[in-house]
Amino acid sequence: MPTEPAPAINATAALRAWLTCHRSQLWLALRMTIAASLAYALATALGLPQGYWAVLTTIIVTQNSVGGSLKAAAERLVGSVCGALVGAAAAIMLPAHTPLVLGVALVAAVAPLALLTAFSPGFRIAPVTAIIVLLSTGTATLGPLGYALDRVLEIALGAVIGLGVSLLIAPARAHAQVRDVASETAALLADVMAGLVPAVCAGTPDVGTLPMRIHAALSRLDASVAEAARERRSRLSDQPDPKPLYRTLRRLRQDIFALNRTLGEALPNQVQAALEAPWSALARAVVTTLRSLAQALPERQLPDDDAALQTSAAAFNAAIDAVWRDELTRSLPADVVGRILGSVFLVEQLLRDLGDLLERVREAAAPSLRD
């Protein structure tokens, strides 16, 4: 019987999976290529003397999301205008073009712009533009104002093209990135929580690199939230404010790692017998809920109900009440009693923040007017 070439099928499937996994990076590369090509064509058609500034600007402005492109375009344009004006003013006020006088003018122009950059790093292009206007040989040919105007026009052209391509060619919305990174963060928190399942009897295991990975994910989430907020301010998105989602995940990280520290050592035997089963059930329910929410976020799906979580939480609270009622902690050291009390408080806080995350995921799943 004839058989299909399995290696070819496997290679095709692998290529398709790779393309799907790296779709956002490939779209970004395509947008950058189109933007640079358009900038070169328009700069050449308009006869701009140094059109490469427009081409370079499109590469800088074309970002992973529309919100990122808005930020890069605004910073590039405002910084270039500031630098060009300061550089042109310094060049006009030069009494002579000797190296010493030019050096003094350079310091006078760069110092305030460097101070601006120190407080607002987004304007780092300003001192660069001022230096180019002051030291370029083109200034002597076109004059300071003419040369500065050309630079601003070239950079403005690049900024407009880069932003336009970001908006029109497979636009990547920052809110989608927020959901993706928030999903990753929730899944990592679930991994930490999974290690807490046997904590009552065995303490908590080493979490390895999970804290660093969660910190990195939250840092990326913070940047994506800022870009999404910029899209909202620019009326390019009507998605819910992403900041509450970020704050909720930060609180959940604090809750889970605080529990990890509090339950670092096994509890005494009499407390273990009372809490082992209800705690393990609650911890597993938290893990299941976090992973369910992590799956729902990217696709904007409505999350599953939390009935199992609420049931296990009620059972754990009943077990805690039994511990106090039966006076199982009477003979225990104060620090152990403090750990038990602390874990009860942290569980309450964790459940409250998990409920808040559930609401944020429901908000993200709500239909948008631009869907």
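All values derive from a computational prediction rather than experimental measurement. As a basis for the values below, the full set of heavy atoms in this structure was taken, side chains included, without hydrogen atoms, waters or symmetry mates.
Although no hydrogens or angles enter the test, the distance criterion places no donor-acceptor pair under 3.5 Å between the side chain of Thr62 and the main chain of Arg31. Judged purely by atom type and a 3.5 angstrom limit, Ser224 has no side-chain atom pairing as donor or acceptor with the backbone of Gln177. Proximity of a side-chain donor or acceptor of Thr33 to a complementary backbone N or O of Ala29 within less than 3.5 Å is detected. Side-chain atoms of Trp279 never come within 3.5 Å of backbone atoms of Cys201 as a donor-acceptor pair (strictly under, hydrogens ignored). For the pair Thr117 (side chain) and Phe123 (backbone), a donor-acceptor distance under 3.5 Å is present. Thr129 places no side-chain N or O within 3.5 Å of a backbone atom of Gly83 that could act as its donor or acceptor partner. Remark: the backbone N or O of Gly203 is not paired with any side-chain donor or acceptor of Glu265 at under 3.5 angstrom.
Here the side chains of Leu252 and Phe257 are not in contact, with every heavy-atom distance at 4.5 Å or above. With contacts defined as side-chain heavy-atom distances shorter than 4.5 Å, the pair Leu290/Ile256 qualifies.
Heavy-atom minimum distance, Ala217 versus Leu188: CB-CD1, 4.4 Å. Here the shortest heavy-atom pairing between Val287 and Ala194 reads CG2-N, 3.5 Å. Residue Val178 comes nearest to Pro242 through the heavy atom pair CG1-CB, 4.0 Å, listed as atom of the first residue, atom of the second, then distance. Contact record, Gly195 with Pro198: O-CD, 3.5 Å, taken as the closest heavy-atom pair. Across every non-hydrogen atom of Leu102 and Leu134, the tightest pair is CD1-O, 4.1 Å.
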Salt bridge (charged side-chain N to carboxylate O under 4.0 Å, His left out) between Glu227 and Arg230, intermediate numbers included
CA-CA 5 Å; Glu227 293 177 2; Arg230 195 170 297 109; 5.5 Å; no
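More than 12 heavy atoms of other residues, nucleotides or ligands sit less than 6.0 Å from atom CZ of Arg251.
Donor-acceptor pairing under 3.5 Å is recorded for the side chains of Asp356 and Thr248.
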